[in-house]
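Values below: every heavy atom of this structure, side chains too, minus hydrogens, waters and symmetry copies. In the text below, chain A, chain B and the rest are named by the order of the sequence lines, each starting its count at 1.
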2 protein chains.
Amino acid sequence: MILKSQVEWALHCCAILAGLPEGRYLSTKALAELHGLPKEYLSKALQSLSQASLVNTTLGPSGGYRLARASSEINFLDIVEAVEGSARSFTCTNIRENNPCRAEGYCDSKPCAVARIMWEADEAWRNTLRRVRLSDLVSILSEEVPAELWQSTFAWVLKRAG
Amino acid sequence: MILKSQVEWALHCCAILAGLPEGRYLSTKALAELHGLPKEYLSKALQSLSQASLVNTTLGPSGGYRLARASSEINFLDIVEAVEGSARSFTCTNIRENNPCRAEGYCDSKPCAVARIMWEADEAWRNTLRRVRLSDLVSILSEEVPAELWQSTFAWVLKRAG
DNA sequence: GGTTTTCGGATATGATATATCCTTAATTCC
DNA sequence: GGAATTAAGGATATATCATATCCGAAAACC
């Protein structure tokens with residue numbers, strides 16, 4: 001049960017987008033080169049963010065991506081689900097129905113107990129991600145990343161935004 | 001990010017094993033027929049449980065599987081990790097290292113902030129599963145499943161255990 | 001008009017989940 | 001002792017999905 005690598009990419013890209021000056025866009029090319037990622041494939045992750053309305057896009061030179069709303073209004077779950085989908089990690093195939101001792105037409109009133117417990121764990125995972133805002137990540141990064149590196153990174157990336 | 005179907009199978013099988021009389025074994029064949037599962041493939045899941053020391057096995061007729069310890073001493077995470085493995089769902093490839101602005105030989109003191117948050121969610125998932133004991137599942141099932149079905153199921157399964 | 005960009009479709013490839021088969025060794029029953 | 005039954009594990013086949021690349025269309029900028 002492994003998340004797509006695009007989840008990692010999307011999170012890092014959003015962290016960068018969150019630090020951009022108002023109204024500026026960043027291209028796939030710039031984000032790919034900054035992170036050392038395959039441009040064409042990263043593009044798919046960014047498209048997922050776009051479809052989820054987490055980012056806005058514009059075409060042409062100086063085009064690219066920017067956050068669709070404030071980084072305090074975007075949480076980790078938004079981003080993770082945008083690329084990973086929102087399906088639960090546990091799928092119940094209702095194998096209890098195959099029990100040969102079940103009477104004909106017997107109907108379970110509740111979803112399977114096993115599934116309920118597994119889904120509860122899933123909810124705990126989602127709740128944790130929901131509680132972390134993108135702005136929280138930005139705060140942590142700006143504390144931990146040396147100011148010089150932080151600034152030169154944005155200078156580097158903005159130069160590529162034209 | 002989907003769990004293997006074997007996780008579901010293993011959990012249901014453990015629930016049955018937990019209800020067995022002391023010392024009785026249940027074969028792959030019986031468990032497969034009860035749940036309507038492919039015997040050969042279910043066997044792999046049971047082997048995983050065996051390797052994790054969650055069940056004991058014995059050979060020959062009337063052989064099969066039984067729990068290695070009390071159902072109150074086995075939790076959901078034990079079972080899930082036995083078949084799914086214990087790797088975290090998020091793997092950090094440290095793409096921040098590809099930042100072209102990083103100074104030569106620069107070394108991050110902490111693991112990536114993104115990874116730490118994702119791992120925290122992972123822990124929340126694991127903790128939820130850790131808190132649920134197999135005996136809890138048995139309690140729920142014996143409440144929800146009609147007593148008649150519950151009894152006939154064990155009668156059915158024990159007949160096949162020889 | 002030429003360049004740059006996002007977007008979506010098509011396609012290729014690699015890894016992994018699913019599933020089956022077969023052999024070996026241990027155990028039980030006759 | 002011999003036949004039947006069982007778990008264990010290796011080998012293999014298939015299907016699904018993640019990864020990755022390429023291309024054409026439409027839009028924006030110069």
Take atom CH2 of A:W9 and atom C1' of D:dA18, then tell me their distance rounded to the nearest Å. 10 Å
Closest to the A:L59 side chain, choosing from D:dA28, C:dA17, C:dT27: D:dA28
DNA chain D nearest-nucleotide lookup for A:T58 and A:Y41: closer to the 5′ end is A:Y41
Any side-chain heavy-atom pair of B:M118 and A:F76 under 4.5 Å: yes
How would you label the contact of B:E84 with the nucleic acid (heavy atoms, under 4.0 Å): base, sugar-phosphate, or nothing? nothing
Looking at A:E73 and A:R133, is there a salt bridge between them, counting it only when a charged N and a carboxylate O are closer than 4.0 Å? no
Would you call B:K110 and A:E144 a salt bridge, taking side-chain N to carboxylate O under 4.0 Å as the test? yes
How many whole angstroms separate atom CG of A:L49 from atom C1' of C:dC7? 14 Å
B:P38, nearest nucleotide to its side chain (from C:dG8, D:dT6, C:dT20): C:dT20
Nearest to the side chain of A:Q47 - C:dG8, C:dT27, D:dA20? C:dG8
Whole-Å gap separating P (D:dA20) and CD (A:Q6): 9 Å
Quick check: do B:L46 and B:V55 have side-chain heavy atoms less than 4.5 Å from each other? no
To the nearest Å, give me how far apart NZ (B:K39) and P (D:dG9) are. 16 Å
Could you tell me how far apart A:E40 (CD) and C:dG9 (C1') are, to the nearest whole angstrom? 13 Å
Verify the distance criterion only: is there a donor paired with an acceptor across the side chains of A:E8 and B:T93 at less than 3.5 Å? yes
With heavy atoms under 4.0 Å as the rule, sort A:Y65 into base, sugar-phosphate or nothing. sugar-phosphate
Check whether any side-chain nitrogen or oxygen of A:Q51 sits under 4.0 Å from OP1 or OP2 of C:dG8, and answer yes or no. yes
Any side-chain donor paired with an acceptor under 3.5 Å for A:E143 and A:S139? no
Picking from D:dA26, C:dC7, D:dG9, the nucleotide nearest the side-chain atoms of A:T57 would be C:dC7
Within this structure, what is the CD1-to-P distance between A:I2 and D:dA18, rounded to whole angstrom? 12 Å
Would you mind telling me which of D:dC29, C:dA17, D:dT6 lies closest to the side-chain atoms of A:S62? D:dC29
Nearest-nucleotide wise, let me know which of A:P61 and B:K44 is further upstream toward the 5' end of DNA chain C. A:P61
From C-beta outward on A:S27, which listed nucleotide comes closest to its side chain: C:dT6, D:dA20, D:dA18? C:dT6
Using whole Å, what does the distance between atom C1' of nucleotide D:dT5 and atom CD of B:E33 come to? 14 Å
Provide, to the nearest angstrom, the distance between the CG atom belonging to B:L46 and the P atom belonging to C:dA19. 14 Å
So B:S5, base contact, sugar-phosphate only, or nothing? Heavy-atom distance under 4.0 Å. sugar-phosphate
Phosphate contact (C:dT5 OP1 or OP2) by A:T28 side-chain N/O below 4.0 Å: no
